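Read through the structure below, which is laid out as structure tokens, and then see the notes.
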Amino acid sequence: MFLLILSYVSLFAFIFLSIYKAVQYGKMPMHGRLDLYPIPKEKGKGHYGGSYYEEVEWWKKPRETSLLEEIIDMLKEMLFIKKLFDNQRPLWWISYSLHLGIYLLFAWTALLFIGAITELAGLAMESGHWWAVLVYYTTFLTGTIGGLLVAFGSGALFLKRYLVPSFKKYTTVQEYFNLVFIFAVAATGLMVWTSDPGFNYGRHIAKSMLTFRPIEADAILSIHIILLGLLLIYIPLTKMSHYVGKYFSFHKVLWDNDPNLPGSEIDKKIKQAAGFKPKNNWSAPHYQPEPPKTQDM
Amino acid sequence: MINGKDLKPQDISKPVKQLTKIDKLMDLPAPYDKPGMEPELTEPKEEWAEKFCASLDGYIGLDTFETPKTKEEKEELVKKFLSGLEKMLSDETNRSIIQPLMLSLDYCAKCHTCSEACHIYAATDGNELYRPIFRSDILRRIVKKYFTKSGKLFGSLVGADIDLTWETVARLGELAYRCNLCRRCAQTCPLGLDNGVLAREIRKIFSQEMGIAPKPLHEKGTMLQLKTGSSTGITKPAFLDIIEFLEEDIEEKTGWNIKIPIDKKGADILLTHNAGEFMAWPENPIAFAILFEKAGINYTLSSDLIGYDNVNYGIWYDDAQAKKVAMQQFEAAKRLGVNKIVIAECGHAHKAAAVSADRMTTSDNKIPVESFLPMLAEIIKSGKLKLDPSKNNFPVTLHDPCNVVRQMGIVQPQREIIKAVCPQFREMTPHGVDNYCCGGGSGFAIMNSMNFGEFRNKVSTRMKFKQILDAFQDTIEDSSIPKYVCAPCSNCKGAIRDILEFYEVTAKFNVHYGGLVELVVNALADLEKPFLEFLHDDEA
Ligand code: SF4
Ligand code: SF4
């Protein structure tokens, strides 16, 4: 029962803590503009880094943005880590292994639940039905490749950080620990997999979670589930939650070039914030209120 | 002294006389690839090192910061820095940046993707001190140690391992002035983080809390501007005299009698210049006057306090100063009743007025701001000016000011203009939004106290110098051919002027520099004598 509860708690903790983090960032006051070009949503100009400032009297013209361009750029970054690919290929290979592995494992998790539902509906994986075959093999492929990539990526990142002096000097013990933690989860997962290559154990866990029945697990599977559960709780508490940060740093900072025009959302926010009086102030002389001017001054 | 390559963030608190020094610089292309072509690096003078903080890399940017002598003074320095840090991290006192700041503090993966993007890091052949995240990581570790629970609980395990001694504070203050705030590094960061923002935050703590900022930026910069109307010290009567002189100069240069409108109520446009132009490069405001007259533009200059100087050094180091200056500029425009402010050739003034000031106040307190570039491109397209590009038949390259390009997204108009008037135009590599900073950004161009000029000329502008040489490789050694670096920004122009002087590029290789409007005026078909002075001798 413990394993079942941990599975639930960790899954919800991951989601809840990630959302909480996003809400914390989202609640921060509106910042001054820090546009950094290229901004992909600038329609027809995003590809070379242009903006509405290239237009005479830009404020009189309709603001043309392209959500599609923004989404394409976002996907390139999310699915492919394009900036790393363009600017630091050697690191990209290992970092991308880790990230691609994680994406595959997300797909694998979804497939495990799909497989569990399929079995609960009475269609066994061994039935030979095309749907069962499809689910079984996609689960097998995503799980196997994903697990191997995560293990390789986290292990190689650890070694790179540890062995290359320019990386080592910036790496904290916690950052090594994070990589070891991920590696340990992937390694225990792979150990379980060697005795159950079809991931029947995974569908069993998914079924248990769907039907609130205890998870039956041997020692190594129990360790794997416990480590994975703890990792899911731990990730949002650390900078490994950069999937949250990245959204804000691009969409809400570097690509936020909405001008403050009369009647705009920005203008409204500034008007709302106008009454804010900070209780504290900076201490340099030029921050202090000027002494009242007397007539003979 | 620690070898630059071996330096670690924790070394910042090491009690050594000087932390490190620059021992290798990036190679320059021909003809500067031969020994003896450039002045050597020098050591800081002993008396400077005693009085100021030369204990980082030997250079002194913070020329108003005298190092503390007594134990009390030292403790006070650390105390003040900590209280500044606390205010930096508070959404009460640092509202306008708290979100981007926290993102950059929280999420760096230390992947070094941004390192190669930095021209200063590249110029020093990868000296660790100038790696974009070196200063960020020091700041991060200090914040961790003094302001986070995890830092207090787990200490060095989570990177909370930098002791805040007075020397750490002093060196970090200096280190904030080894970054041009060009944000090229931020463009490459897979997580969208911004080391330029962090460098500026350190500058802010020094200025806003500790009252320490380089004299050319604060005392002789924003303070002087707020008091006299211009950071150059030009007062209103002096400004009016200068304009008269410019009108005479136009007549002398071109034979044309052109009036420069001042304080014309109800004009469509308030044109604002970097007042430094009036003193150092009067041909630039003159060229604007000629072009606007020829194109029949209804514009005016302002003689109002700060209305005649569009600079805003506050954006480099201090939020309050930035806001005070920006608001006065808007007020000057409002008093004239103009429809828009057009910013002339000053990159940081573009960004300050159009972008940085955009959310400083409600829209009704502002006047729309526009760059001169789209307008000039349109004038050229309209055919109002009769142009003869063959008058500019010499190699020309274009420097893209970071503030205009990377930070505002104005890329094409300047290219349309320059291609219309310069048959031998060639791009620098890279260019546009990927350009490199001139090395004078964020105040460096005007910071000349003690040996800081050497840091600029040898280090921060080195990449730009390399780009200029590369752009002219076909003709560089033929000194009979004039070459022109077009820099449509006062600060960049200042930095490039210094490169050309320091390396004797003009004297030896006939390379000149100037703005964009000067090239357009020089191409005017009905102009008798070349407008660009370096063409005069050729004619004679
Ligand atoms: S690229 Fe971004 S995440 Fe990587 S080291 Fe630089 S600032 Fe940090
Ligand atoms: S902002 Fe520019 S100068 Fe500063 S670290 Fe980044 S690339 Fe280098």
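None of these values were measured; they are calculated from a predicted model. In what follows, chains are A, B, ... by sequence order, proteins preceding strands, each numbered from 1.
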Could you look at [X] and say if it's the side chain, the backbone, both or neither that has a heavy atom under 4.5 Å from chain A?
X        : answer
B:Ile133 : both
B:Val405 : backbone
B:His218 : side chain
B:Val342 : neither
B:Phe134 : both
B:Thr361 : backbone
B:Cys402 : neither

*When only pairs under 4.5 Å are counted, which of A:Ala274, A:Ser241, A:Pro285, A:Ala273 shares the most heavy-atom pairs with chain B?*
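When all of A:Ala274, A:Ser241, A:Pro285, A:Ala273 are compared, A:Ser241 has the most.
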*Positions in residues 152-167 of chain A that reach chain B, provided some heavy atom is under 4.5 Å away*: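 Checking residues 152-167 of chain A against chain B gives A:Arg161, A:Ser166, A:Phe167.
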*Taking non-hydrogen atoms and a cut-off under 4.5 angstrom, which of residues 81-94 of chain A neighbour chain B?*
A:Ile81, A:Lys83, A:Leu84, A:Asn87, A:Gln88, A:Leu91
*Determine, for B:Arg415 against B:Asp400, whether the closest basic-nitrogen to carboxylate-oxygen distance falls under 4.0 angstrom.*
yes
*Residues forming a salt bridge (charged side-chain N to carboxylate O under 4.0 Å, His left out) with B:Asp106, sequence neighbours excluded*: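 Scan of B:Asp106 (salt bridge (charged side-chain N to carboxylate O under 4.0 Å, His left out), adjacent residues dropped) gives none.
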_A:Lys61: salt bridge (charged side-chain N to carboxylate O under 4.0 Å, His left out) partners, not counting sequence neighbours_ = A:Glu55
*asked:* Could you check whether A:Glu42 and A:Tyr53, counting side-chain N and O atoms only, form a donor-acceptor pair closer than 3.5 Å?
replied: no
